[in-house]
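Working notes, structure below.
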Amino acid sequence: MVQTQVLSVRDPRWSNEERKTIDCFITTNTLKEEVPFTASPYDSELHGRDVFYRCMNEEFGPIAESNKVVEVEGEPPELPEKYITLQRFIEFANNENASKSPRAITMVWGAFLEEELINKLKVWYEANPDVNPPKRYIFEQVIDNAQRKGVISSTEQAKYHAIREIRNRAAHDWDFSIESEGVKKHLLFLYESDHSSTSQYIEDLGFLISMIYAGSCGFLVMKLIDS
């Protein structure tokens with residue numbers, strides 16, 4: 001698997017007054033441009049932990065104080081209910097990412113995305129009781145049904161099917177690889193749809209699954225949650 005190499009770091013600043021994470025800007029060998037980054041000593045990725053400790057050693061200059069407003073009085077705001085499941089899933093997905101298993105990452109993200117789309121479609125049926133819901137929710141049919149009902153767009157429909165095809169190959173090919181039927185084509189489609197302006201295309205299954213496939217799943221999940 002391609003290892004992320006940090007090429008530059010600038011403007012480190014404490015994320016908040018608790019000083020548990022550090023905001024900065026980084027460039028890496030996998031990105032096309034500099035991006036904002038939050039470094040943490042508990043990052044599931046080695047480069048995230050490395051940036052944190054290098055900042056702590058002031059390799060990139062002194063760490064500036066947080067410029068974020070901190071609430072002094074009252075209880076901190078509760079996380080909206082619709083984000084609680086997502087937060088739990090992200091913690092679980094980070095553990096899978098740390099395992100560096102493309103198959104595991106593929107299955108976990110694909111399963112979560114399918115579940116969220118089914119839940120969204122069920123909400124549509126509840127709001128339209130004159131339409132009979134299906135007896136079974138099969139992912140391929142759910143995708144097309146959601147597009148016909150206006151739950152997702154035709155552009156999103158194509159991304160869902162690409163993700164579904166990749167997940168199917170991960171589930172059924174004991175030697176799952178970038179050469180598995182359709183995998184390279186679908187990963188390239190997701191890259192060109194969502195990531196080509198910021199990330200390099202590196203033909204490595206581990207990189208493409210953890211960065212491109214999971215990234216596209218994340219975009220679609222957030223669209224469902226926020227819509």
Side-chain angles (χ1 to χ4, degrees), residues 1-80 83-84 86-102 104-105 108-109 187 190-223 225-226:
M1 177 176 175
V2 172
Q3 297 297 317
T4 299
Q5 299 174 8
V6 176
L7 305 179
S8 69
V9 179
R10 69 174 179 88
D11 296 343
R13 179 182 296 274
W14 291 111
S15 301
N16 49 51
E17 289 190 350
E18 294 179 346
R19 295 190 170 193
K20 292 184 177 180
T21 57
I22 299 171
D23 293 336
C24 56
F25 295 89
I26 69 170
T27 59
T28 76
N29 61 320
T30 61
L31 298 171
K32 289 185 175 180
E33 58 188 23
E34 184 180 65
V35 297
F37 183 76
T38 298
S40 166
Y42 307 108
D43 199 309
S44 62
E45 296 289 342
L46 175 61
H47 73 273
R49 301 191 298 273
D50 181 60
V51 169
F52 179 86
Y53 288 114
R54 290 170 70 186
C55 286
M56 287 288 291
N57 290 329
E58 297 193 355
E59 184 175 334
F60 313 109
I63 305 173
E65 293 298 327
S66 172
N67 57 7
K68 296 180 180 178
V69 176
V70 177
E71 295 289 339
V72 177
E73 298 181 355
E75 294 295 325
E78 293 184 2
L79 192 68
Y83 293 120
I84 292 176
L86 176 61
Q87 183 184 47
R88 290 178 52 241
F89 169 74
I90 291 298
E91 292 173 356
F92 184 82
N94 281 340
N95 290 331
E96 295 299 329
N97 286 342
S99 74
K100 307 297 184 184
S101 168
I105 297 169
V108 165
W109 271 104
L187 285 170
L190 294 176
Y191 168 78
E192 292 175 343
S193 298
D194 292 331
H195 309 278
S196 60
S197 63
T198 57
S199 296
Q200 301 286 355
Y201 180 81
I202 301 174
E203 198 163 281
D204 174 87
L205 183 66
F207 170 80
L208 292 173
I209 292 297
S210 63
M211 299 298 292
I212 305 307
Y213 173 91
S216 290
C217 287
F219 292 152
L220 291 172
V221 166
M222 289 306 300
K223 183 70 179 296
I225 292 175
D226 288 336

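Quick caveat: nothing in here was measured; it's all calculated off a predicted structure.
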Tell me if a side-chain donor or acceptor on [X] pairs with a main-chain N or O of [Y] at a distance below 3.5 Å.
X   : Y   : value
R13 : E65 : yes
T21 : A39 : no
N57 : E59 : no
S66 : S15 : yes

Just jot down the ring-ring contact (aromatic ring centres under 6.0 Å, His included) partners of [X], sequence neighbours excluded, or say none.
X    : value
F219 : H195
Y201 : Y191
F52  : none

Those residues that, when tested against [X], pass side chain to side chain contact (heavy atoms under 4.5 Å, CB included) (two or more places apart):
X    : answer
E192 : L188
E18  : N16, K20
S193 : K159, F189

Could you grab the distance from atom CG of L190 to atom CG of L208, nearest 0.5 Å is fine?
10.0 Å
Distance (rounded to the nearest 0.5 Å) between L187 CG and E203 CD:
9.5 Å
Are any non-hydrogen side-chain atoms of [X] and [Y] less than 4.5 angstrom apart?
X   : Y   : value
R54 : F60 : yes
N29 : T4  : yes
T38 : S40 : no

